[in-house]
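Below you'll find the structure, written out as structure tokens, and then a few comments.
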Amino acid sequence: MEVLAYPETLATAAQNWLDRFERALAAPDDVALASLFVADGYWRDLLALTWRIQTIAGSPTIAPALRRDAARARASGFALDPDRTAPRRVTRAGTEAIEAIFRFETAAGRGSGVVRLLPNADGHAGLRAWTLLTALDEIKGHAEQLGGSRPSGSAYAREFRGPNWLDTRTAAAAYTDRDPAVVVVGAGQAGLCAAARLGQLQIDTLIVDRERRIGDNWRHRYHALVLHNQVHVNHLPYMPFPPTWPAYIPKDKLAAWFAAYAESMELNCWTGTEFAGGRYDEANERWSVVLRRSDGTAREMHPRHIVMATGASGIPNRPDIPGLKNFAGTILHAGEYQDGNAWRGKRALVIGSGTSGHDIAQDLHASGAEVTIVQRGSTMVVNVEPSAQLPYALYDEGPSLEDCDLITTSIPLPLARKSHVLLTAQAKKLDQDLLDGLARVGFRLDFGDDGTGWQFKYLTRGGGYYFNVGCSELIVEGEIGLVQFADIDGFVAEGARMRGGATIGADLIVLATGYKGQDVLVRKLFGDEVAARVGPIWGFGDELELRNMFTRTPQPGLWFIAGSFAQCRIYSKYLGLQIKASELGMLA
Ligand SMILES: Cc1cc2nc3c(=O)[nH]c(=O)nc-3n(C[C@H](O)[C@H](O)[C@H](O)COP(=O)(O)OP(=O)(O)OC[C@H]3O[C@@H](n4cnc5c(N)ncnc54)[C@H](O)[C@@H]3O)c2cc1C
């Protein structure tokens, strides 16, 4: 084994573990295999051995499952990967470990993984694994055509009177004579990442979006928007943002990049096209879907797969607020709000204190409106810098983006939780002055269930926090008013009548009350039966993975992708590989 490029002891220790691991996989009983893991260890598999995304906890449970799945997949050749980050000592979720990236293969594909070994008192002998990740990178015979194996492009030039590149692209995107294998609904980062991956796997894919132009999902957001985390964490697959770009990308710059990305990655996109719903034909294993185009025409297509990449923008949540219908002014949902200019010199009530509520309140305030935020429930507030950037520290540690992504996926849910409790405590300390100020003016704060912070609020309920870019200071200084929803008696034509008898006058009420969950959208687009079959989407149930996300769902041919830029970049790869495997008849 060539490990000389690594600090010898760590590399040797990690390779020793991999050798023992491979021997134990081949041994007839589970005892030796279980003894390679600490009792409360974890194994996460991303397709490589199971064609599933799953996490198993505890060495007695891991050993039989791993032996069975590794044998079935014919896994072998576990070895440190000299082309990737060398084994290192790291601290993850507050625990010191040796972290090593390795590679292996199965009958079906090639994979990579991460093992985290806990140091023991006797040096490196007999180290045991705390976490193990096995992840599929490619299906044999169907590798992406990248770098040295890129297409030559000469086919477009050989036949001078035949179709050139543009003719071919135009015909491919028109779908006049065929239907795609996959329809991706939504051209935000989730849809673009999924379609780019599928394209590289030679799967005929059409993205539809109801917006007029690619990028409009960002263009239509408020004037001052810049992304909340930094550029180096947010790259899309294959085409990283230029190194000259600002750390926090402004929305219109991002929108233009999305359009350029779709063009450069040769994605077939139909904008101004609403996905109006579909029915699954079990016998033919195909969907019938209706696409409504902005010119008033409709097209029925029969793809084998639908990838829902509709984000949170599906169905606005308009809670039944008693008496709101009495209000004589304008009522907008946050999704309908675009610009504060029209409200200069007017009075606005913003109901809701998540990111949208704060951002819209700040936009209205900057536009010269008199604004009051109505807080309905407690909210987590985190300064955008440095506190909100703490979870991305890994991406500053030095390893390549590819290695950071693999390391990120190798942290099982319970350890991610533990890690976020620590980060939340750290953020709380850093933001103490601001949080004290907010508490003084009566803002109700929380720090997530069990102190797990904003990331788990995002993963479980998709909101309930605010990355402070200045609105919190405006609230503390009284520049933006704050009232509690519970103190409102009801709404009257002029505004909100408070329990004390006073009325807060308003010309505009913005409902920053979020969006309904994906399950509601599924019911609307595919009917009750499919919605019941699929069940809850996003958040965690009993399993240690997000529900129905990036993975096979109980409804054949229906897939979901959502999340941050990093989640979409990382998991679009595995979504693409599963759909490819399904097309090849490899998914049992
Ligand atoms: C101020 C702000 C800053 C943010 N900063 C970051 C950041 O730094 N990093 C990060 O990772 N995330 C950030 N986010 C969060 C998140 O990444 C975005 O909300 C993102 O838009 C989600 O992408 P998506 O592709 O899942 O969905 P969306 O961007 O909502 O795209 C979904 C698309 O689906 C289309 N669609 C929906 N239904 C249909 C239908 N039936 N037919 C056709 N089309 C349909 C919509 O038109 C839309 O274009 C930020 C959000 C905000 C508001």
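When a ligand or atom number is given, it counts from 1 through the structure's own listing order.
Not close to ligand 1: F467, with no non-hydrogen atom less than 4.0 angstrom away.
Checked against the 6.0 Å centroid criterion, the rings of Y395 and H232 do not qualify as a close aromatic pair. Aromatic ring centres of W454 and F467 lie closer together than 6.0 Å. For H358 and F443, the ring centers are positioned less than 6.0 Å apart. Note: F456 and Y458 fail the aromatic proximity criterion, with ring centroids not under 6.0 Å apart.
Atoms of ligand 1 found under 4.0 Å from any heavy atom of S564, numbered from 1 in the order shown, are 11 (O). Remark: ligand 1 atoms within the under-4.0 Å shell around heavy atoms of G186 are 33 (C), 34 (O), 35 (C). Which parts of ligand 1 touch A190 is read off a 4.0 Å heavy-atom cut-off, strictly below it: atoms 25 (O), 26 (O).
For atom 51 (C) of ligand 1, the candidate residues are Y392, W218, Y515; the nearest heavy-atom contact is made by W218. Among Y248, F275, Y222, the residue whose heavy atom sits closest to atom 41 (N) of ligand 1 is F275. By heavy-atom distance, the residue among V231, V184, N217 lying nearest atom 28 (P) of ligand 1 is N217. Taking only non-hydrogen atoms, the option from D209, L225, D359, L291 nearest to atom 35 (C) of ligand 1 is D209. Summarising the contacts of atom 38 (N) of ligand 1 with R221, Q189, R210, the nearest heavy atom is found in R210.
Remark: ligand 1 and F565 share an N or O pair separated by less than 3.5 Å (distance only, no angle test). Taking any N or O of N229, backbone or side chain, at least one lies under 3.5 Å from an N or O belonging to ligand 1.
Taking the ring centre of W270 as origin, the terminal cationic atom of R293 falls inside the region bounded by 6.0 Å and 45° from the ring axis.
Side-chain contact annotation: Q578 with S582, donor-acceptor N/O pair under 3.5 Å absent.
Contacts between A309 and ligand 1 below 4.0 angstrom, taking non-hydrogen atoms only, involve the backbone exclusively.
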